[in-house]
Asks: 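The structure's right below; bear with me while I get my questions together.
Being a predicted model, the structure only gives us computed values, none of them experimental.
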Amino acid sequence: MASHRKYYMEDSGIAERFLKSLKRSFKLSVGEPSVFEQHFFDTFDWRIYKNGYLLFCQNKTLKLMRMKDGVGVAKLYWNAPLGENFFASAMKEGALKDILSPISGSRALLPLAGIRMKNRLFTLIDENGNAVAVLKFEEAFYLEWNSEAEESFFSSLDLSTLSGFKDVSESLDRTVRRLGAVDIERGRNDLWHLLFSMLGRSPDDYSGKQLLAMDPSMTVKAAVSDIIVRMISVMEENRNGIIDDVDNEFLHDFRVALRRMKSAASMLKGVLPSGSLNKFNADFASLRLMTNELRDMDVYLQMQNDYMNMLPGSLSEGLESFFRITRQKREAEASLLSDYLKSRKATKVLEKWKAFFSAALEDKASSDSLFVKDSSSKSISRHYRKLLKESETLDEHSADQDFHRIRIRCKKLRYCLEFFGAFYPAELSDVLRRLKVLQDSLGRLNDCSVHADLTIRLLEKMNHSSPEWVLSAAAAGGLVTGLAAEKERLKSEAVKALSKLTRKKQRKLFQKLFREESPELPVDPSADAELSSLAPS
């Protein structure tokens, strides 16, 4: 074939008008029409799409397609209900699982949408009986789950002209364009973009951070209120995923938003009345506390295979009892949290504080004259100085609580750098990279401590007279011993990572970037009187 073009048509009427015009010059040989359905899946945060793929089920085959060229890279027979979530880790072994598992991680694959494609094929035959071109019209219909209703949202034309008929190709191109068809951009399949747009979704519509570049001339109140409103939005977006217990990343993002919000709110001391700020902190502290045990159990269960591999095979059966009990306890804990998040009390907390800080963000009468860049510089400098002081006596023999204190300090420093890093030079990217390496080691070290304690508590609650107790006790001893050894390795790893973050070069960078500190801002109760009245009681 000499040429191939693909066009997007705003409505199917263009196709009918084009066919009508062609009948004046050509005989149309009509091919057999085809109809098929595709049902699309991705994680809540679009991990498959962001990695350049589309995942869909067609004719009981789950297919992974590369978006840039439309090439299928893996497939798997799939007979599961199309409206249900699933995990890549639970799929049958093969190429599709090998590709999807690292991309999706512990996130569930969720049903996004279904479409029905209807294709019509025509061959154009000239007056001499020569086949000169092949036309394929495609129309896509959006399908509602569990409904026969369909809505057309995409029409396209594939036009392939045979060799030796360049003039026909150019004539057809002019005609279809005159009727309103336009080129589909190479490397982009508009069908998927239109489908997601129709659903009110976009592959960049969710981020756990939900932060935009800030204007350095914003006041502290406005900037911090902006952060808090965005973090509450993140919590709201993840709320239903926690309630339905879809996957444990919903709870993780929810908790990260809580911590980020608390860190940002610390900059409001002296800016908002202490009563409002104390009430805000108390409301969300109780919510953080409510999620702690569930998150600990989630991570414990995620580590099951690693912990099994840490022990001899003869003890694996004894260790399994701990994970079985944890799954039972987790189910009960998840149910309690779900009930709370569905309650009017939880809704009221989120709605009222969102309204409170939205009002603070728009408050033009505020006497808060401290610019956020000045205040953020002060906060970053303070957290880094405290990190230096707290790390002075830290070594690989320090107690677990000393490393935990460093871990909390690193979180506060990192949140500040991520909130306000755009105000400062690119050198901070290296600081953030080093900080992440350190936090990874400290996070795993904390998990080891928590999981050792959890295993011992579970053992203590088991029936000591049961036949499985002896084996479980031996497995617990082996796991706790293994975790202790892992803690020692991680402490050494963390100390090395910390030294790279606190070395002379890094100290000079922080001193250069954040040496100017702003004075404390006095409280102005009158300016916040109206906002205070909005605070949840």
Asks: Mind checking whether Lys342 and Asp339 have side chains closer than 4.5 Å, heavy atoms only?
Replies: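 Answer yes - side chains close enough.
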
Asks: Is the Phe153-Phe141 ring centre distance short of 6.0 angstrom?
Replies: no

Asks: Under a 3.5 Å distance rule, please check whether Asn128 uses its side chain to pair with a backbone N or O of Asn130 as donor and acceptor.
Replies: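 No.
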
Asks: Within the 3.5 Å criterion, strictly below it, is a donor on Asp173 or Tyr7 matched to an acceptor on the partner's side chain?
Replies: yes

Asks: Under a 3.5 Å cutoff, is there a donor and acceptor pairing between the side chains of Glu138 and Ser155?
Replies: no

Asks: Any donor and acceptor pair, going by atom type alone, linking the side chain of Asn59 with main-chain N or O of Thr61 inside 3.5 Å?
Replies: no

Asks: Would you say that Arg330 contacts Leu301 through its side chain, given a criterion of any heavy-atom pair below 4.5 Å between the two side chains?
Replies: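 Arg330 vs Leu301: side chains touch.
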
Asks: For Tyr340, is there any backbone N or O sitting under 3.5 Å from a side-chain donor or acceptor partner on Ser343?
Replies: yes

Asks: Just by distance, no angles: are the side chains of Arg327 and Gln304 close enough, under 3.5 Å, to form a donor-acceptor pair?
Replies: yes

Asks: Under a 3.5 Å cutoff, is there a donor and acceptor pairing between the side chains of Arg17 and Thr175?
Replies: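 Side chains of Arg17 and Thr175: no pair found under 3.5 Å.
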
Asks: For Asp98, is there any backbone N or O sitting under 3.5 Å from a side-chain donor or acceptor partner on Ser101?
Replies: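 Not a single qualifying donor-acceptor pair exists.
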
Asks: Does the side chain of Leu157 reach to within under 4.5 Å of the side chain of Lys136, using non-hydrogen atoms?
Replies: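 No, side chains not in contact.
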
Asks: Supply the atom-to-atom distance Tyr307 OH to Glu320 CD, rounded to the nearest 0.5 angstrom.
Replies: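 Answer for the OH-CD pair, Tyr307 versus Glu320, is 15.0 Å.
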
Asks: Are the side chain of Asn238 and the backbone N or O of Val234 linked by a donor-acceptor pair below 3.5 Å?
Replies: yes

Asks: For a ring-ring contact (aromatic ring centres under 6.0 Å, His included) with Phe56, tell me which candidate from Trp78, Tyr49, Phe40 qualifies.
Replies: Phe40

Asks: Main chain of Asp374, side chain of Ser377: is a donor-acceptor contact present, judged purely on distance under 3.5 Å?
Replies: no

Asks: How about Glu170: does its CD atom have over 12 heavy atoms from other parts shown lying under 6.0 Å from it?
Replies: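 Counting other residues, nucleotides and ligands, CD of Glu170 exceeds 12 neighbours.
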
Asks: Look at the side chain of Arg120 and the backbone N and O of Pro33, then say whether any donor-acceptor pair between them is shorter than 3.5 Å.
Replies: no

Asks: Kindly indicate whether the side chain of Phe122, heavy atoms from C-beta on, has any atom under 4.5 Å from the side chain of Leu19.
Replies: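 Answer yes - side chains close enough.
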
Asks: Using side-chain heavy atoms (C-beta onward) and a distance below 4.5 Å, is Ile228 in contact with Leu268?
Replies: yes

Asks: Distance check, rounded to the nearest 0.5 Å: Lys279 atom NZ versus Leu272 atom CG?
Replies: 15.5 Å

Asks: How about Arg295 and Asn248: does a side-chain donor come under 3.5 Å of a side-chain acceptor?
Replies: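 Result is no, nothing qualifies.
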
Asks: Taking atom types as modelled, is there a side-chain donor on Thr161 or Arg5 under 3.5 Å from an acceptor on the other?
Replies: no

Asks: Between Met218 and Leu361, what is the shortest heavy-atom contact and its length?
Replies: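 Shortest heavy-atom contact: CE-CD1, 4.4 Å.
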
Asks: When you measure from the centre of the six-membered ring of Phe250, is the NZ or CZ of Arg107 closer than 6.0 Å and no more than 45° off the axis?
Replies: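 Positive - Arg107 is close enough to the ring of Phe250 and near enough to its axis.
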
Asks: Are the side chain of Ser25 and the backbone N or O of Leu22 linked by a donor-acceptor pair below 3.5 Å?
Replies: no

Asks: Do Phe280 and Phe284 make the cut of ring centroids closer than 6.0 angstrom?
Replies: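 Centroid separation for Phe280 and Phe284: below 6.0 Å.
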
Asks: So, Thr43 versus Ser104: side-chain donor-acceptor pair below 3.5 Å or not?
Replies: no

Asks: Can you list the residues that meet the side-chain contact (heavy atoms from CB on, under 4.5 Å) rule with Phe87, with sequence neighbours excluded?
Replies: Ser89, Ala108, Asp247

Asks: Is it the case that Arg259 and Tyr415 place a side-chain donor and acceptor less than 3.5 Å from each other?
Replies: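 Result is yes, a qualifying pair exists.
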
Asks: Kindly state whether the ring of Phe41 and the ring of Phe86 have centres lying under 6.0 angstrom apart.
Replies: yes

Asks: When you measure from the side chain of Arg239 to the backbone N and O of Leu341, does any donor-acceptor pair fall under 3.5 Å?
Replies: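 Judged by distance alone, yes, a pair lies under 3.5 Å.
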
Asks: Would you say Lys354 and Ser233 make side-chain contact, with heavy atoms under 4.5 Å?
Replies: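 When only atoms from C-beta onward are counted, Ser233 and Lys354 do touch, with a gap below 4.5 Å.
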
